[in-house]
Structures are given as structure tokens and as C-alpha cells.
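Quick notes on the structure that follows.
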Amino acid sequence: MREVLLFLIVIFFSFMTGYCILINGFITKDQSYFLSLLNHGFMNRVVNYIIIGVISLAICLKREETLKENEREKKKFRCYETRNKYGGRYEIYI
């Protein structure tokens with residue numbers, strides 16, 4: 001659970017950074033980092049954070065679904081763990 005929460009926080013801030021760069025650089029010409037969806041400044045920020053949060057949550061849930069699917073696929077194969085001469089670990093699936 002802690003890993004999921006950490007990943008959600010990382011995705012949220014990563015997506016928020018990309019969102020702000022996109023809005024500031026390409027969509028608006030003023031010094032705004034959020035879309036002007038409402039006339040009220042505080043509520044406009046809240047709506048933008050909700051949009052960013054929903055998209056981040058969708059990305060996080062899709063990642064968890066993909067990880068579970070990969071774990072199911074991994075169980076179909078036999079896993080052999082080997083080490084190279086430098087001590088690095090490799091997993092080989094047959």
C-alpha cells in the first residue's frame with residue numbers, strides 16, 4: 001500500500017509539472033499555470049487540482065493493473081536467477 005501511495009504522489013507531481021508547463025508555455029499567454037475554467041481564483045485552482053488528481057489516479061490504477069497482470073504472466077514461466085561476474089542479478093524466464 002505504501003508503494004502505491006508513493007507512486008501516486010510521484011505521478012501527481014510529475015503530471016502537475018507537465019500540465020503547468022503545457023498550460024504556461026502553449027495555451028495561455030499570461031503568467032498562469034492553470035486553465036481558467038472558472039471566474040473565482042481559488043475555486044479555479046481546486047478544479048485544476050481535481051483534474052490533475054483524477055488523471056494521476058487513473059494512471060496509478062492502470063499501472064497497478066498492469067503489474068498484477070505481469071505477475072500472473074510471470075507465474076506461467078519458470079524463473080532462474082543468475083549472477084554475472086560483477087555481482088549483478090538477472091532473472092531468466094523459460
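Here the structure is a predicted model, which means the values were calculated and not measured.
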For a side chain to side chain contact (heavy atoms under 4.5 Å, CB included) check, start with the C-alpha distance between Thr66 and Glu69, then their side-chain angles and the critical distance, and finish with the verdict.
CA-CA 5 Å; Thr66 305; Glu69 184 177 310; 5.6 Å; no
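Phe34 and Leu38 end up in the same hydrophobic cluster when Ile, Leu, Val, Met, Phe, Trp and Tyr side chains are linked at under 4.5 Å. Both Ile55 and Leu22 belong to a single network of hydrophobic side chains, linked directly or stepwise wherever heavy atoms of I, L, V, M, F, W or Y lie under 4.5 Å apart. Leu57 and Phe15 sit in two unconnected hydrophobic clusters of ILVMFWY residues. Membership requires side-chain heavy atoms under 4.5 Å apart, directly or through other members. Both Phe13 and Ile23 are part of a single hydrophobic cluster, where members link through side-chain heavy atoms under 4.5 Å apart. Following chains of ILVMFWY side-chain contacts shorter than 4.5 Å, one can reach Ile27 starting from Ile52, so the two form part of one hydrophobic cluster.
Once rounded to the nearest 0.5 Å, the distance linking CD1 of Ile9 with OG of Ser14 reads 11.5 Å.
The cationic group of Arg63 lies under 6.0 Å from the six-membered ring centre of Phe7 and within 45° of the ring axis, placing it in a cation-pi geometry.
Checked against side-chain hydrogen bond (donor to acceptor under 3.5 Å, both in side chains), Asn44 has the following partners two or more places apart in sequence or in another chain: Asn48.
Counting only residues at least two apart or in different chains, salt bridge (charged side-chain N to carboxylate O under 4.0 Å, His left out) contacts with residues 48-62 comprise Lys62-Glu65.
Ring centroids of Tyr33 and Tyr19 are separated by 6.0 Å or more, keeping the two rings apart.
Alongside Ile21, the hydrophobic cluster contains no other residue (criterion: ILVMFWY side chains under 4.5 Å).
The minimum heavy-atom distance linking Ser56 with Leu8 is given by the pair O-CD1, 3.8 Å.
Side chains of Ile51 and Leu37 form a contact here, defined as non-hydrogen atoms less than 4.5 Å apart.
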